[in-house]
Amino acid sequence: MAIQATDLFAALSHATRLRTLMLLVEHGELCVCELTHAIGVSQPHLSRHLSQLRELGLVADRRAGLWVYYRVHPDLPGWAQAVLRETHAGLCNSPPFVADFSALSAMPNRPDAPRCA
């Protein structure tokens with residue numbers, strides 16, 4: 001995967017993309033409904049940012065029925081994975097990341113429930 005450092009840092013510079021990546025680092029794989037619930041943004045807003053992350057090669061997606069699940073791209077180079085891990089370690093105990101993790105943990109009807117949309 002040929003991600004450039006400037007692309008990674010540009011992605012991390014936007015709050016929605018940063019919060020999304022930190023949730024994915026923390027939880028591995030999440031559906032769009034979980035991400036919108038945790039971050040508190042609209043689905044179109046989040047989908048636009050997920051599309052940008054996918055185009056850069058930072059996230060991979062998979063479709064399961066009606067749902068689309070996202071994860072940090074497994075083929076990211078080691079240096080990019082290290083940046084994401086270290087960024088997560090530095091931010092995971094500060095706002096708004098603590099609130100995002102808490103909101104996700106409290107979410108009713110998580111991904112496989114029929115009302116997750």
Side-chain angles (χ1 to χ4, degrees):
M1 171 140 321
I3 183 149
Q4 300 296 312
T6 53
D7 291 335
L8 175 58
F9 290 110
L12 294 173
S13 71
H14 190 279
T16 298
R17 292 189 299 265
L18 176 61
R19 291 168 73 183
T20 298
L21 286 166
M22 294 304 97
L23 282 162
L24 294 175
V25 169
E26 177 81 12
H27 292 281
E29 184 178 71
L30 296 168
C31 75
V32 172
C33 64
E34 291 171 301
L35 291 164
T36 58
H37 181 87
I39 297 173
V41 297
S42 69
Q43 184 274 325
H45 176 83
L46 182 68
S47 289
R48 180 169 40 97
H49 289 285
L50 285 167
S51 177
Q52 292 170 345
L53 293 171
R54 188 177 50 243
E55 288 171 12
L56 291 171
L58 288 169
V59 299
D61 63 336
R62 72 174 177 89
R63 183 170 290 280
L66 298 173
W67 319 126
V68 178
Y69 293 85
Y70 288 87
R71 66 190 177 285
V72 172
H73 202 292
D75 296 332
L76 276 180
W79 68 265
Q81 292 176 22
V83 167
L84 292 177
R85 280 192 310 272
E86 290 299 318
T87 301
H88 177 269
L91 296 175
C92 69
N93 293 315
S94 61
F97 307 98
V98 171
D100 293 348
F101 301 150
S102 180
L104 181 59
S105 295
M107 179 183 175
N109 303 319
R110 294 259 324 256
D112 296 321
R115 289 183 9 216
C116 183

Check your understanding: Roughly how far, to the nearest 0.5 Å, is the CZ atom of Arg62 from the CH2 atom of Trp67?
Key -> 13.0 Å
Practice item. Output the distance between atom CD (Glu55) and atom CD (Gln52), rounded to the nearest 0.5 Å. Key: 7.0 Å
Exercise for review: Let me see the working for Leu21 and Val59 under side-chain contact (heavy atoms from CB on, under 4.5 Å), right down to the final yes or no.
Suggested key: CA-CA 8 Å; Leu21 286 166; Val59 299; 3.9 Å; yes
Review point. Where do Ala38 and Asp100 come nearest, in terms of heavy atoms and distance?
Key: O-OD1, 3.3 Å
Practice item. Could you grab the distance from atom CE of Met107 to atom CG of Asn109, nearest 0.5 Å is fine? Key: 7.5 Å
Point to revise | Backbone N/O of Pro44 and side chain of Ser47: donor-acceptor pair under 3.5 Å | key: no
Point to revise | Ala60 versus Pro74, closest heavy-atom pair with distance | key: CB-CD, 4.2 Å
Exercise for review: Kindly say whether Leu76 contributes a backbone atom to a donor-acceptor pair with the side chain of Gln81 at under 3.5 angstrom?
Suggested key: yes
Practice item. Report the distance from atom CZ of Arg71 to atom CG of Asp61, rounding to the nearest 0.5 Å. Key: 7.5 Å
Check your understanding: At what distance, to the nearest 0.5 angstrom, does NE2 of His37 lie from CG of Leu46?
Key -> 13.5 Å
Review point. Does Leu12 reach the side chain of Leu84, with side-chain heavy atoms less than 4.5 Å apart?
Key: yes
Review point. Among side-chain atoms of His49 and Thr20, is any donor-acceptor pair under 3.5 angstrom?
Key: no
Revision key, fill the gap. Closest non-hydrogen contact found for Arg19 with Phe97 is CG-CE2, 3.6 Å
Exercise for review: Without swapping roles, check the side chain of Thr87 against the backbone of Val83 for a donor-acceptor pair under 3.5 Å.
Suggested key: yes
Revision key, fill the gap. d(Leu66 CG, Cys33 SG) to nearest 0.5 Å is 11.0 Å
Check your understanding: Between Ala11 and Leu56, what is the shortest heavy-atom contact and its length?
Key -> CB-CD1, 4.1 Å
Practice item. Decide yes or no for Leu30 and Tyr69: does some side-chain heavy atom of the first lie under 4.5 Å from some side-chain heavy atom of the second? Key: no
Practice item. May I ask whether Leu35 and Val68 are part of the same hydrophobic cluster, defined by side-chain heavy atoms of I, L, V, M, F, W, Y residues being less than 4.5 angstrom apart, directly or through others? Key: yes
Exercise for review: Give a yes or no answer on whether the side chain of Thr36 reaches the backbone of Val32 with a donor-acceptor pair at less than 3.5 Å.
Suggested key: yes
Practice item. List the steps, then state whether side-chain contact (heavy atoms from CB on, under 4.5 Å) holds for Phe101 with Asn93. Key: CA-CA 10 Å; Phe101 301 150; Asn93 293 315; over 6 Å; no
Practice item. Return the orientation label for the His14 and His45 ring planes: parallel under 30°, perpendicular over 60°, tilted otherwise. Key: tilted
Exercise for review: Among Leu24, Asp7, Leu58, find the one that has a side-chain contact (heavy atoms from CB on, under 4.5 Å) with Leu53.
Suggested key: Leu58
